[in-house]
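Quick notes on the structure that follows.
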Amino acid sequence: MKKIFFLLFVLSCLKLQAAQELKLWYNHPASIWQEALPIGNGRIAGMIYGGVQSEEIQLNEETVWGGGPHSNVRAIPVDTLRQVRQLIFDGQEKAAHAMINRNFMTGQHGMPYESVGSLKIDFNYRAGDTRNYRRELDLNRAVSTTTFQVGKVTYKREVFTTFSSPEHHANVMVIRLTASKRGSISFKLHYTSPLRHAITLNQQGDLCMLGSGADHEGIKGVIQASTVTRVLNIGGKIKRNGESIEVTNANQVEIRLAMGTNFKSYNEVSLDAEAQTFGELQTASPYTYEALLQQHEQVYQNQFGRVSLDLGENKNETSLPTDERLRRFQQSNDPALATLVFQYGRYLLISSSQIDSRTPANLQGIWNKDMNAPWDGKYTININTEMNYWPAQTTNLSDNEWPLYRLVQNLSKTGVEAASKMYGAKGYMAHHNTDIWATTGMVDGATWGIWPNGAGWLSTHLWQRYLFTGDQQFLRTFYPQLKGAADFYLTAMVRHPKYGYMVTVPSISPEHGPHGKPSVTAGCTMDNQIAFDVLQDALQATEVLGESEAYADSLRQHIRQLAPMQVGRYCQLQEWLEDADDPKDGHRHVSHAYGLFPSNQISATRTPELFEAIRNTLVQRGDEATGWSIGWKINLWARLLDGNHAYQLVRNLLSVLPSDADAANYPKGRMYPNLFDAHPPFQIDGNFGFTAGVAEMLLQSQDGMVQLLPALPDVWQQGQVSGLKARGNFEVAMNWKQGKLVTAEVKSVIGGNLRIASYTPLQSKDKQLVVAQGDNPNPLFKVAQGKKAIVSSEAHLQLQPQKKLFVYDIMTSPGEVIYLQAVQ
């Protein structure tokens, strides 16, 4: 039977790889940025327009930011902090709000992520003669290709950015221009840039641009950004002018471009930007185009190829251009578009965050056309930055999260000042925003900024990495960051005089206040949930590593003094200690849902009443929201084990926002034609939230068991997936038909007990399946009888029917593969 299972999986994977053409494609050039196609390697990036007469590749380098190393921490006198807290405890939130705005900010709101500019290639084609145009991005290869015919000549452009590996260190953008007729390629190449810049030619004839990051909010711009472009022609003539390169009548042309800056770390800008970029070109120079492409595809596929997904396809839809498929999605059945957007999220994470990236993916990922990106393109760490990395572990891209871990390390240094000078606390902290300079002070005013949990939330990713990989060396390396985040809560929280719990104050429930009142508060539910996770993570890490028992004891004592989650008068999960929720409030933030996802404090089996309450909250808040919020809600409804409702959010996110439209005319448009998420404007977190949400619909592992197809919607009646990861370092493949699991394959990378759960009973010839004796695994739903949550005065929420879950324990050895089949 084992051989049969194995053969079935091999055949299905071969079929899947052959069937999946994961391409975004269009029959016209991009007219604006939201139609252009993104490429990147975590260090450099481009947006490709694919114009006929003029090609534009808008350029980004991950470390081109405004300003320079600085601190935006403002020391708060002890008496001022005490007065603010007392005002909040006394119910004088408006006065506390005003006092915070006067005393907590320095005037800096964070530094902006900036565009390098564009590479322009001006051709002499006659646009009216253009036929058979196609512009595409192949996700399987990470290569963008533009083809068209002018007269009798077919032209082709291929663009990619090389990925680095221990064997291959080239870090360049490569552009190849070919034509079906010799001597047909002529163009002028030049730069444009919003930076202060100068353009020169070096001794090798490369076109060089040196730009400077902007001053911002009184902080001097210190970034020096170097861009070097080398043109290699076969046939024809090449002419180099002061600010351009001209090629005439070539047979083929290859363009290689490198970018780099003087950025070394959040507190040091000492590198030689020009030497760095010239060195990148020299490193690539011994390699032919074919060799660079082969190396690029090999390194990229080693990451992207780990996960395959097939949800079926409608050939009437898949034959259409991507923008047309998106326009038709609300009326059509196009499961392959959901697959494409799922894999696009993985592509974007790979392209914007590599193990050698010096910064994490920001609010724009790595792609930004402006000097002042929306919200500065900063790291908004009250959900958006965390959401960027939700797919990392589950979709088998664990190493792509390393830049985020390095950000946590940086904040654990800069955040000591904020903890000490602002809150009189130990450890480290950050508010709701940070940037490349690892700033940790409050920005944007009390309504948004007085939120002391940014660093704490980020630190939970460290413990999750350990849960997914079992890597104790990683845990030991980052234990100081787990401990430092916990130390802040141990020393910054104070006892609430009314409720008696230890609370964070001042704070807000991002970015939302009780109806009709300012947002500043004490001990809101999200704060308590994050504090619990941070303290519990530190406690478990302390126990695993055999660290101080006295410290572990202090963590246990503090955890016992945190406020519990509460169910309010509308049968909702309370967002605040007070029962102040408005059931008609459709705010985009559902911050107290953190306890359901990404945390695991609310569970169908362990906390059924809270499970019902957060479901009621989500119904009351509604399904319409900004792009990133819809991405979060896909994950939340998946955790609520309601696949059909999760799919409704999938539909809501895959609603087109025409690139030439504004949000007022298309209030529900949440995706641009190039499949970038629309807040609007563009924020990449919605793309990553979508990918994480689809993974969560197919596989969950947060509740001590690997749950197969926990939230499969009715529309995905059959399909297959391989390569998803579960906590405990299990890698899972499955296929299903008629909405039910058929076979599953689980690889146990590090060994240990595998608790596996399915709505269908399972069997395995080679391993004994023992009925699990866990924490109430059956039945899955156990809700209080007679409770109905008020959605409006006319309607009531109907609870889901009970489902039966089959739960088994299987002992596994490292590297062992378990083959399972559903019992018919």
Q. With ring centroids as reference points, do His216 and Trp65 lie under 6.0 angstrom apart?
A. no
Q. Does a donor on one side chain sit under 3.5 Å from an acceptor on the other, for Ser31 and Glu35?
A. yes
- Is the side chain of Gln58 donor-acceptor paired with the backbone N or O of Gly46 at a distance under 3.5 Å, no angle test? no
Between Val231 and Val247, does the side-chain contact (heavy atoms from CB on, under 4.5 Å) criterion hold? Intermediate values first, please.
CA-CA 9 Å; Val231 177; Val247 173; 3.9 Å; yes
message = Checking the side chain of Asp435 only, and the main-chain atoms of Met111 only, is there a donor and an acceptor separated by less than 3.5 Å?
response = yes
Would you call Asn41 and Ile44 a side-chain contact if the rule is heavy atoms closer than 4.5 Å? yes
Testing the 3.5 Å rule here: is there a donor-acceptor pair between the side chains of Asp334 and Ser332? no
- Does a salt bridge link Glu290 with Arg176, judged by any charged N lying under 4.0 Å from a carboxylate O? yes
From the list Val307, Leu22, Asn687, side-chain contact (heavy atoms from CB on, under 4.5 Å) with Arg346 holds only for Val307
Would Glu61 and Thr63 count as having a side-chain donor-acceptor pair, cut-off 3.5 Å? yes
- Query: Considering only heavy atoms from C-beta outward, does the side chain of Tyr379 approach that of Thr359 to under 4.5 Å?
  - Reply: yes
Note, His28 side chain near Asp323 side chain (heavy atom, < 4.5 Å)
yes
Backbone of Leu195 reached by a side-chain donor or acceptor of Ser193 within 3.5 Å: yes
Pair Tyr389-Ser353, side-chain donor/acceptor within less than 3.5 Å: yes
**Asked** Does any N or O in the side chain of His109 come within less than 3.5 Å of the main-chain N or O of Asp444, such that one atom is a donor and the other an acceptor?
**Response** yes
| Should the pair Arg134 and Trp25 be classed as cation-pi, given the thresholds of under 6.0 Å to the six-membered ring centre and 45° from the axis? | yes
Just by modelled atom types, is the Ser164 backbone N or O under 3.5 Å from a matching donor or acceptor in the Gln354 side chain? no
- Decide yes or no for Phe148 and Pro29: does some side-chain heavy atom of the first lie under 4.5 Å from some side-chain heavy atom of the second? no
Next on the checklist: So that I know where these two stand, are Phe688 and Trp628 an aromatic pair - ring centroids less than 6.0 Å apart?
Outcome noted: no
Practice problem: Please confirm whether the backbone N or O of Asn368 pairs with a side-chain atom of Asn60, one donor and one acceptor, at under 3.5 Å? | Solution: yes
- prompt: Does Trp33 have its ring centroid less than 6.0 Å away from the ring centroid of Phe676?
  reply: yes
Q) With a 4.5 Å heavy-atom cut-off, do Pro374 and Phe682 have their side chains touching? A) no
- Item | Lys/Arg N to Asp/Glu carboxylate O, Glu246 vs Lys188, below 4.0 Å | no
(message) Is a donor from one side chain sitting under 3.5 angstrom from an acceptor on the other, for Asp677 and Gln683?
(response) no
Within the distance-only criterion (no hydrogens, no angle test), does the side chain of Thr248 pair as donor or acceptor with the backbone N or O of Ser186 below 3.5 angstrom?
-> no
Practice prompt. Tell me whether the centres of the aromatic rings in Tyr300 and Phe304 are closer together than 6.0 Å.
Written response: yes
Quiz item: Looking only at side chains, do Asn262 and Asp272 share a donor and an acceptor under 3.5 Å apart?
Solution: no
*asked:* Using a 3.5 Å distance criterion without hydrogens, assess whether the side chain of Asn251 forms a donor-acceptor pair with backbone atoms of Ser184.
replied: no
Quiz item: Will you find, in the side chains of Thr380 and Asn433, an N or O donor that is under 3.5 Å from an N or O acceptor?
Solution: yes
Query raised in the report: Less than 4.0 Å between a side-chain N and a carboxylate O, is that true for Glu55 and Arg157?
Result: yes
Value for CG (Leu137) from CG (Leu675), rounded to nearest 0.5 Å, stands at 9.5 Å
Check your understanding: Any side-chain donor paired with an acceptor under 3.5 Å for Tyr155 and Thr146?
Key -> no
Exercise. Please check if any side-chain donor atom of Gln252 sits under 3.5 Å from a side-chain acceptor atom of Arg182, or the reverse.
Key: no
Quick one: does any side-chain atom of Arg43 pair with a main-chain N or O of Ser357 as donor and acceptor, under 3.5 Å?
no
* Would you check if the side chain of Thr439 reaches a backbone N or O of Thr434 as a donor-acceptor pair within less than 3.5 Å? => no
Under 6.0 Å between the ring centres of Tyr125 and Phe187?
no
Any chance the side chains of Ser54 and Asp122 put a donor and an acceptor closer than 3.5 Å?
yes
Within 6.0 angstrom of Gln282 CD, more than 12 heavy atoms from elsewhere | yes
Test: Lys23 and Glu136 ion pair at under 4.0 Å: yes
- prompt: Under 3.5 Å, is there a donor-acceptor pair linking the side chains of Gln331 and Arg328?
  reply: no
When rounded to the nearest 0.5 Å, the distance separating OH of Tyr191 from SG of Cys208 is 6.5 Å
Here the gap from Met173 atom CE to Phe160 atom CZ, rounded to the nearest 0.5 Å, amounts to 11.0 Å
What one should report as the nearest heavy-atom pair of Tyr266 and Ile436 is CB-O, 3.5 Å
**Non-hydrogen side-chain atoms of Ile255 and Thr229 separated by less than 4.5 Å** = yes
Ser226 versus Glu274, side-chain donor and acceptor atoms under 3.5 Å: no
For residues Gln303 and Leu397, determine if any side-chain heavy atom of one lies less than 4.5 Å from a side-chain heavy atom of the other.
yes
Identify whether the distance between the nearest side-chain nitrogen and carboxylate oxygen of Glu254 and Arg256 falls below 4.0 Å. yes
Would a 4.5 Å heavy-atom cut-off, applied to side chains only, mark Asn674 and Tyr26 as touching? yes
